[in-house]
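Chain identifiers are assigned alphabetically (A, B, ...) following the order of the sequence lines, protein sequences preceding nucleic acid strands; residue numbering begins at 1 within each chain.
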Amino acid sequence: DQQVKQNSPSLSVQEGRISILNCDYTNSMFDYFLWYKKYPAEGPTFLISISSIKDKNEDGRFTVFLNKSAKHLSLHIVPSQPGDSAVYFCAASEDQSGTYKYIFGTGTRLKVLA
Amino acid sequence: DVKVTQSSRYLVKRTGEKVFLECVQDMDHENMFWYRQDPGLGLRLIYFSYDVKMKEKGDIPEGYSVSREKKERFSLILESASTNQTSMYLCASSLPNNQPQHFGDGTRLSIL
């Protein structure tokens, strides 16, 4: 049972435009969400996170939006750059449980076209 | 900068062998994790540890065990390797209180 879902395996965007990556979750106990970026032959690197007490968090070109009622989060990258081409994973955890376990989605491969 | 080092980038082993994957972090992190990454399945948690000599099962612990004798080192053991354990293995570490996990570059393990 996939508790965190990324329904788009791939996405192509023109350089300079907005990239929107989506993630849905089913467990209403999740209260902390993260996005990771992964280049080939490297480990995932942390990008941005959001707590369930917020609905938006911004860091430079990256913004994460959280819609708790829809159990949906999205990552916006503006403007997109060729170096953003990578696989993006969303992850969720139950902060209050104290286990610090992440449940990851299956990833979305973003290709930014020059 | 946090450094998580996995001992091998590529490893080829035979079915039935006992396989050790080593991971070392240099930031005195309490938490350490082992994942495997497979196409279409994302990252799945195998085992994790909150402290020295502590271990907890993740979502897919069958066929694996772990060892954490020192705070900086977390080892993943495949007791008797099988072909379905061919995968990319990723180690991560973090501070407590849900701080982001930092990942190593992975070990691509092939079981023949």
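The most heavy-atom pairs under 4.5 Å with chain A, out of Q101(B), M88(B), R9(B), come from Q101(B). Of the listed residues (G106(B), C91(B), G104(B), P100(B)), the greatest number of heavy-atom pairs within a distance under 4.5 Å of chain A belongs to P100(B). Ranked by heavy-atom pairs under 4.5 Å with chain A, the first of D38(B), D105(B), L41(B) is D105(B).
Considering all non-hydrogen atoms of both residues, G42(B) and F89(A) come closest at CA-CE2, 3.9 Å.
Rounded to the nearest 0.5 Å, atoms CD (E56(B)) and NZ (K101(A)) are 8.5 Å apart. Between L43(B) atom CG and Y102(A) atom OH the span is 12.0 Å, to the nearest 0.5 Å.
Residues W35(A) and V112(A) fall within the same hydrophobic cluster, defined by Ile, Leu, Val, Met, Phe, Trp and Tyr side chains chained together at heavy-atom separations under 4.5 Å. Hydrophobic cluster membership differs between I20(A) and V4(A), with clusters built from Ile, Leu, Val, Met, Phe, Trp and Tyr side chains linked at under 4.5 angstrom. Both L109(B) and L76(B) are members of a single hydrophobic cluster when ILVMFWY side chains are connected at heavy-atom separations under 4.5 Å.
E15(A) is linked by a salt bridge (charged side-chain N to carboxylate O under 4.0 Å, His left out) to nothing, counting only residues two or more places apart in sequence or in another chain. In terms of the ring-ring contact (aromatic ring centres under 6.0 Å, His included) criterion, residue partners of Y35(B) (sequence neighbours excluded) are, by chain and number, F104(A), F103(B). When the salt bridge (charged side-chain N to carboxylate O under 4.0 Å, His left out) test is applied to E30(B), the partners found at least two apart in sequence or on another chain are K71(B).
Of all residues in residues 41-75 of chain A, those placing a non-hydrogen atom less than 4.5 angstrom from a non-hydrogen atom of chain B are A41(A), E42(A), G43(A), P44(A), F46(A).
Counting non-hydrogen atoms of other residues, nucleotides and ligands closer than 6.0 Å to CZ of R44(B) gives a total above 12.
Using a 4.5 Å cut-off between heavy atoms, Q6(B) does not touch chain A at all.
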